[in-house]
Amino acid sequence: MVAATGNADTTVGHGELIKAVERALTTHGRALLTGPAGAGKTEVAGAVAAAAATRHETVLRLAPEAADQWIPEASAAALLASVPCVALERLSGPQRTAIALLRREADAPRAGRDHVALRLAVVEVLRTLAARTPVLLVLDNAQWLDAESTDLLRFALRLTPPRVRVLVAECVQGGAPVGGPLCGRGTPEIRVPPLGADEVAELLARHGLPARLAGRIHQASGGNPRLALALGHSLAEAAEARDASAHHADPLPLSGQAREVARRLLAEAPARARRTLLLAALAARPTTALLRRAGRSDAEAELAEAERAALVTVGEDGAVAFTAGALPMALAADAGWPERAAGHAALAAAVDDPVQAVRHRALAVDTPDEWLAAEITEAAAACRRRGQRALAAELGLLAAERTPTNRPGDELARLVAAAEDAGWAGRADLARRATRAVLARDASPADRVRARLAVIDAAGQALAALDETFAHAMDDAAADPALQAAVQLRIATKYNLSDGDPVRSRDAAAEAGRLAARGGDQVAEAMALTVRARMGRILGDLDAEDILAEALALPAPEVPLGMRNAPQYLAVRHALFDDRLDDARRQLLVLLPAVRRTGSAEDVFEVLRSLTEVELRRGRCAVASAHARRALELTIEAGLSPGPAWYASAMAEAMGGSFARAAGYARRGIQASEEEHDQVFLSRSLYALGLTELATGEAAKAVATLRRVAELEEAQQVVDPSILRWHGELAEALVAADAPDEAAELLGAVRTVAVGLGRTAVVAALDRARGLCLSAHGDAEAAVHLLQATADRFAALQLPVERGRTLLALARVERRRRRRAPARAALREAAEVFAAAGAKPWVELAAEHREPAPAGGGTAVALAALTEAEARLALLVAEGASNQEAAAKLFVSVKTVEARLTRIYQKLDVRSRAQLATTLRTR
């Protein structure tokens with residue numbers, strides 16, 4: 001029994017929960033904390049206890065273990081053993097004797113003890129402690145209290161004074177609840193909810209685990225913190241064992257601690273329910289009807305027991321879903337082969353999908369069978385036609401395993417097909433498995449190249465670690481120009497994505513085009529031209545559009561070799577960059593069903609990401625957010641690289657959701673892209689974060705973040721400012737951070753390029769920043785005229801959010817020159833524009849910029865004479881911040897603070913910090 005200590009790392013996502021527990025204890029004096037094993041009850045209780053200890057309360061903490069429930073009065077003895085001796089001095093002789101006997105002889109026979117004296121002694125001890133300081137009694141793992149201790153504590157707690165508060169943490173998965181009877185009727189019960197995907201990402205990051213795995217680990221753990229950490233550590237250890245970094249699509253190894261946590265969760269289900277759960281785990285889409293047909297006649301009742309134990313949820317249609325993806329893995333892993341085989345045989349006769357019937361029949365046996373292998377191969381082909389490439393890959397591997405040894409050619413063909421299906425599906429684990437099998441056989445160079453390309457295609461953004469694979473693929477392709485072209489195309493992608501070098505990417509694409517022409521492969525030739533056109537656009541080449549037109553003129557299938565390299569998709573991206581948004585949207589809606597038919601999760605994601613960006617530009621933020629959510633769900637389901645999805649989610653939140661959530665997504669996108677060496681989406685996620693920081697008034701942070709974007713874009717030799725429009729945001733942040741000269745220099749250089757390339761909307765965004773520059777330089781009249789004209793240009797371009805942001809800037813300028821009516825009108829119009837676009841955080845931002853009520857207007861009048869950066873500093877100094885403290889909070893140097901203070905003093909006609917504070921209070 002010790003005073004609790006909190007652990008910030010293990011209370012991720014539980015901040016509000018801890019506050020709720022504190023409120024319940026304050027209001028009722030009792031609180032009951034419930035949830036499954038590993039949910040974080042101990043950590044929350046520890047944080048509450050630590051807070052009480054810092055308030056100098058007496059904290060008693062009891063945490064019995066499973067074995068203690070069978071030892072009479074074991075928990076009572078442990079509790080009293082920790083009580084300070086001073087609390088025992090006032091006890092009567094019989095009471096002191098009863099406690100002494102219990103503390104010395106907890107496991108001795110109870111006969112002969114004075115149990116009435118013992119009960120009264122516990123009451124007296126708690127009263128004595130409460131007379132000195134408030135007492136917090138934390139009973140963790142209450143489900144393991146022995147019956148005698150439970151009875152003793154229930155008696156004692158009824159008689160304790162209000163200064164004794166009680167927090168009971170209990171696992172509610174099985175057995176009779178203890179906490180409610182212990183604390184009494186009306187005790188608030190607070191359930192620990194599962195962590196969200198964002199919170200799992202934060203938990204992993206705090207423990208040094210790759211954040212890019214957060215989506216899959218959240219899905220596998222169901223948000224259970226203990227299981228999430230165990231899975232993360234298991235995956236990291238497995239990657240270390242094979243001397244490679246953990247990949248976002250790697251199978252989650254259910255071993256060690258992760259398996260034990262999953263077993264503990266499953267142990268709460270009765271044995272009969274576990275047999276039903278095993279069948280559900282083996283089925284692809286389990287339902288109560290399917291389980292009944294497979295022989296579990298009491299499926300509903302057994303699943304109800306499992307649902308009470310928080311292991312599954314059963315929908316209204318009877319669909320069964322496990323609360324954590326690791327649970328079916330653990331069920332299947334712990335079942336013996338005979339039990340699994342019997343389960344698959346039962347399901348094969350019960351399912352109504354022929355493909356699933358074949359799959360279950362194949363898994364019910366473990367001997368080669370050519371007829372069965374051929375049947376599985378046909379099922380894989382059916383999945384391919386349906387666009388179910390991941391299932392096709394699994395079936396292809398299964399068909400190869402069931403192929404007799406006297407048919408090596410069939411086995412090899414099935415392995416190569418499985419590898420290519422896995423590459424399309426983004427299943428790096430299946431692609432690697434199939435490729436290892438291909439390379440272990442007497443495969444032709446062409447088959448080896450096809451298998452290795454599948455590994456590359458499945459890697460997503462994580463291409464930096466595949467240099468050896470690229471080298472072997474080029475060596476195997478040496479005699480075939482068409483194969484060489486296919487490898488060179490992937491190398492071109494790697495140069496751009498991982499190395500951030502569009503020049504080398506363009507050159508590699510040109511070489512791929514020459515090789516494709518030699519090999520007579522017009523599809524690869526079109527792909528090579530597409531990559532050249534994309535890199536040309538980045539580099540500002542004037543012939544980029546002509547190259548793209550040449551690619552579009554070549555014959556090509558609907559979605560050849562992945563959407564990213566398809567000329568028709570690049571045409572959509574160029575339409576987006578040029579703000580031909582209706583054209584872009586129309587073409588994307590044509591491509592969406594086509595990519596869904598191919599079965600490539602990455603292709604579907606690419607289209608959803610572009611739809612998100614198009615709808616945000618069009619001012620349809622709710623629609624954009626729906627696309628971004630689906631893109632993120634798909635990323636998690638398919639195990640794709642999460643950086644791009646988190647970037648898309650950050651932008652959707654920044655425009656139509658919440659600035660706080662946008663910053664969270666952006667930070668995760670930054671971390672994931674850094675982990676995968678993805679330079680392209682690293683700069684994009686940084687841009688999303690910088691935009692959010694600028695919008696929320698953190699100008700110094702925005703400058704630092706957007707400067708990183710500028711450095712990355714310069715290193716990647718990006719010339720065209722329409723691809724990632726960070727320039728105006730950085731200029732606005734510089735103005736807000738009191739560096740208008742630097743902003744003007746940046747704007748001048750970029751404007752020349754934008755005008756030369758005909759990037760109309762980019763020029764308008766630069767002019768919005770230029771208007772703020774003019775205002776900062778004292779030319780308010782010119783600033784107002786420019787911002788009004790820019791708002792009109794954005795209206796003509798049908799870019800409502802950009803128009804609203806310009807009106808917001810106009811309101812700031814008008815307010816600074818003390819023209820309140822025009823400022824109010826601009827703010828009102830901005831709010832209307834944002835509301836029509838569904839840009840919720842910007843509507844709130846416009847509301848925040850409204851003039852304060854007259855009673856508090858003195859400070860506003862004083863601050864109106866200052867720039868935003870000066871106003872923030874003035875308020876900090878007026879609140880008593882030193883120059884060093886203000887510099888730290890504003891992320892600037894002390895010298896910058898001193899220079900700004902000098903200007904503030906001059907503008908407000910004050911000579912000291914005290915006068916500044918008085919001026920802000922009285923004006």
Side-chain angles (χ1 to χ4, degrees), residues 198 572-573 575-577 579-586 588-589 592 605-635 644-666 668-669 684-685 687-697 722 724-726 728-729 732 761 764-765 768 791 793-809 811 826-849:
D198 299 350
V572 171
R573 297 297 296 174
L576 170 61
F577 298 153
D579 292 297
R580 292 181 283 110
L581 301 176
D582 290 339
D583 288 347
R585 180 176 180 274
R586 184 167 51 252
L588 285 167
L589 292 177
L592 187 57
F605 168 79
E606 279 291 330
V607 174
L608 290 172
R609 174 175 73 92
S610 289
L611 278 169
T612 300
E613 293 174 332
V614 166
E615 299 293 11
L616 288 176
R617 296 286 290 168
R618 293 176 77 222
R620 300 182 67 203
C621 295
V623 177
S625 295
H627 289 313
R629 279 194 301 274
R630 180 64 192 123
L632 185 56
E633 290 167 2
L634 177 65
T635 294
W646 278 334
Y647 158 70
S649 296
M651 291 303 298
E653 288 291 342
M655 294 301 164
S658 150
F659 287 134
R661 288 196 299 271
Y665 279 126
R668 282 186 285 285
R684 277 157 177 71
S685 291
Y687 165 73
L689 179 60
L691 172 65
T692 302
E693 290 168 340
L694 175 63
T696 53
S722 67
L724 186 62
R725 307 181 185 193
W726 55 270
E729 270 73 16
E732 288 189 39
R768 177 174 62 224
R793 269 186 289 162
F794 278 129
L797 290 167
Q798 297 182 328
L799 300 174
V801 176
E802 296 299 321
R803 179 177 172 230
R805 289 182 60 190
T806 307
L807 291 167
L808 204 56
L827 274 177
R828 185 168 55 251
E829 189 177 359
E832 290 170 357
V833 170
F834 289 140
K840 295 177 184 177
W842 295 88
V843 172
E844 295 165 6
L845 196 62
E848 288 173 10
H849 280 76

Give the C-alpha distance, both sets of side-chain angles, the deciding distance and a yes or no for side chain to side chain contact (heavy atoms under 4.5 Å, CB included) between Met651 and Arg609.
-> CA-CA 10 Å; Met651 291 303 298; Arg609 174 175 73 92; over 6 Å; no
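We find the CD-CZ distance between Glu732 and Arg805 to be 5.5 Å, quoted to the nearest 0.5 Å. Here Arg618 contributes atom CZ and Asp582 contributes atom CG; the two are 5.0 Å apart, rounded to the nearest 0.5 Å. Within the model, atoms CZ of Arg828 and CG of Leu807 stand 11.5 Å from one another, a figure rounded to the nearest 0.5 Å. Atom CG of Leu588 sits about 10.5 Å away from atom CG of Asp583, to the nearest 0.5 Å. The distance from the CH2 atom of Trp726 to the CG atom of Leu694 is 14.0 Å, given to the nearest 0.5 Å. Atom CG of Leu689 is separated from atom OH of Tyr665 by 15.0 Å, given to the nearest 0.5 angstrom.
Residues Leu611 and Val623 are not in side-chain contact: their nearest non-hydrogen atoms beyond the backbone lie 4.5 Å or more apart. Residues Glu829 and Arg803 form a side-chain contact, since some pair of their non-hydrogen atoms from C-beta on lies under 4.5 Å apart. Residues His627 and Leu616 have side chains not in contact (no heavy-atom distance under 4.5 Å, counting atoms from C-beta outward). Counting heavy atoms from C-beta on, the side chains of Glu693 and Phe659 never come closer than 4.5 Å.
Arg617 approaches Pro800 most closely through the heavy-atom pair O-CD, 3.8 Å. Closest non-hydrogen pair, Ala695 versus Leu845, comes out as O-CD1, 3.3 Å. Across every non-hydrogen atom of Leu581 and Val614, the tightest pair is O-CG1, 3.7 Å. In this structure, Phe605 and Leu634 approach most closely via the heavy-atom pair N-CD2, 3.6 Å. The heavy-atom pair separating Arg725 from Tyr687 by the smallest distance is O-CE1, 3.4 Å. Shortest non-hydrogen contact noted between Val843 and Ala831 is CG2-O, 4.1 Å.
The backbone N or O of Gly656 lies less than 3.5 Å from no partner atom in the side chain of Trp842, so there is not a single donor-acceptor pair. In this structure, Arg768 contributes its side chain and Glu802 its backbone to a donor-acceptor pair below 3.5 Å. Within the 3.5 Å criterion, the main-chain N or O of Ala628 finds a donor-acceptor partner in the side chain of Thr612.
We find that Glu613 and Arg573 are joined by a salt bridge, their nearest charged nitrogen and carboxylate oxygen being less than 4.0 Å apart.
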